[in-house]
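These notes concern the structure reproduced below.
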Amino acid sequence: MPELPEVETTVRALREPLVGRVITAVHTYWPGHIAKIDPAEFQTRIKGQEITAVNRRGKYLLFPLSHDTMIIHLRMSGHLAVVEPALPLHKHDRTIFQLADGQELRFRDQRKFGKVYLVQDPASVLGKLGPEPLTSAFTADLLHTCLQNRHRALKPLLLDQTLIAGIGNIYADEALFNAKLHPMRLANTLTDTETQTLHTSIQKVLKLGIQREGASIDLYTKPDGTRGDMQNAVAVFRRTGEPCYDCGALIERIKVGGRSTHYCPRCQPLKNR
DNA sequence: ACCGGAGCCTGTTAGC
DNA sequence: TGCTAACAGGCTCCGG
C-alpha cells in the first residue's frame with residue numbers, strides 16, 4: 001500500500017520522463033478513477049496541457065500543468081509508469097495518458113480505489129492535510145501540541161492525515177515499535193521525552209523507507225516494476241508470530257481503530273495511566 | 001467537535 | 001476438492 005516513501009519513490013522515478021511532456025489524450029477504462037468532475041470534461045480540459053513538474057504532498061502525487069494541477073492518489077493498489085505504447089496493456093490498467101513524445105503514462109489499479117483530480121486550486125484537495133513529516137514544519141513541539149489533548153490511541157492518530165500527512169499502516173506500526181510505544185497508548189499520557197522519541201522515530205522509519213525505495217509487501221512496486229527493499233527492513237509489520245529482532249518475544253497482531261496492528265508485547269508495554 | 005463504522009473494490013486466503 | 005465468506009486497506013461520508 002503506497003505510503004509516503006512509496007509515493008516519494010514513484011515521484012522521483014516519474015520526474016525525468018514526465019516533466020516538459022504534453023498530454024495529448026486520455027483513455028479512461030474505469031471512469032470511477034476521475035474524481036469530482038465528469039470524465040468527459042476531464043479529458044477535454046487536460047488535453048494539450050504540459051506537465052511542468054512532478055511533486056508529492058503526503059500520499060498524493062502532484063502534477064502541475066500549464067493551466068491546472070492534476071493530483072493522483074494511489075490508495076491501496078495504484079501504480080504509475082511511463083511506457084512505450086507498444087507494451088501490451090495490463091489487466092488492471094485503468095487510465096492511460098498519451099504524451100506528445102509518443103510515450104504513455106499508465107495508471108494501473110487492481111482495487112479501483114485510486115483517484116485522479118484535475119483542479120485549479122490544489123488546496124481544494126490537499127487543504128486539510130497536516131504537515132509534511134520530513135520537513136522543518138514538523139517539529140516535536142508541534143507533535144506535542146497535537147497529542148496533548150487527545151484521549152485517543154496513538155495508532156489511529158498516526159493514521160490521521162490531518163495530523164501528519166503520509167503515514168499509513170506500515171510506517172505507523174514501525175514508528176511505534178521504534179519509539180517503544182504501545183499502539184493503544186493514549187496520546188495525552190505521553191511524557192515530553194516519549195513525544196520527542198516518537199517524533200524522531202516517525203522521521204527515522206520514513207527516511208529508511210525512502211532510502212529502501214518503499215515496501216513491496218502487497219502490490220507495490222517501483223514504476224519500472226522492480227521491488228523496493230523496505231519489506232526486508234520492517235521490525236513488526238506483518239511479522240505476526242515471528243520473534244522480535246530486539247528481544248525475541250513473538251510479534252502480536254491486534255485490531256486498533258479497526259486496523260490490523262503489529263507490535264512487540266515486550267518492547268512496547270502498555271503504560272496508560 | 002469528535003469518534004466509530006459502513007462503503008467502495010478485487011484477489012487472496014480461511015473455513016466448511 | 002470446490003465452493004463461499006471473510007479479509008485487507010485509505011479515504012469519504014454518515015450517524016451517534
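Everything quoted here is computed from the prediction, not taken from an experiment. Quick note on labels: first sequence line is chain A, next is B, and so on, each numbered from 1.
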Per atom distances to the A/R75 side chain, the nearest of B/dC3, C/dT12, B/dC9 is C/dT12

Distance below 4.0 Å between A/H73 side-chain N/O and C/dG10 OP1 or OP2: no

Using a heavy-atom cut-off of 4.0 Å across all strands, would you classify A/R253 as base, sugar-phosphate, or nothing? sugar-phosphate

May I ask you to say what A/Y60 touches in the nucleic acid, namely base, sugar-phosphate or nothing, with a heavy-atom cut-off under 4.0 Å? sugar-phosphate

Within 45 degrees of the ring normal and closer than 6.0 Å to the centroid, is that where the cationic atom of A/R239 sits relative to A/Y245? yes

Euclidean distance, atom CG of residue A/N188 to atom P of B/dC2 [Å, nearest integer]: 14 Å

Using a heavy-atom cut-off of 4.0 Å across all strands, would you classify A/K255 as base, sugar-phosphate, or nothing? sugar-phosphate

Would you mind classifying the nucleic acid contact of A/F237 as base, sugar-phosphate or nothing, using non-hydrogen atoms under 4.0 angstrom? sugar-phosphate

If you look at every strand shown and take non-hydrogen atoms under 4.0 Å, does A/S260 touch a base, only sugar-phosphate, or nothing? sugar-phosphate

Does the ring center of A/Y220 lie less than 6.0 Å from the ring center of A/H79? no

A/R21 bridged to A/E50 by N-O distance under 4.0 Å: no

Quick one: do A/K222 and A/D229 make a salt bridge, cutoff under 4.0 Å? no

Strictly below 4.0 Å: does A/R152 bring a side-chain N or O up to OP1 or OP2 of B/dA1? no

To the nearest angstrom, how far is A/L158 atom CG from C/dC11 atom C1'? 17 Å

With a 4.0 Å cut-off on heavy atoms, is A/K59 in touch with a base, just the backbone sugar-phosphate, or nothing at all? sugar-phosphate

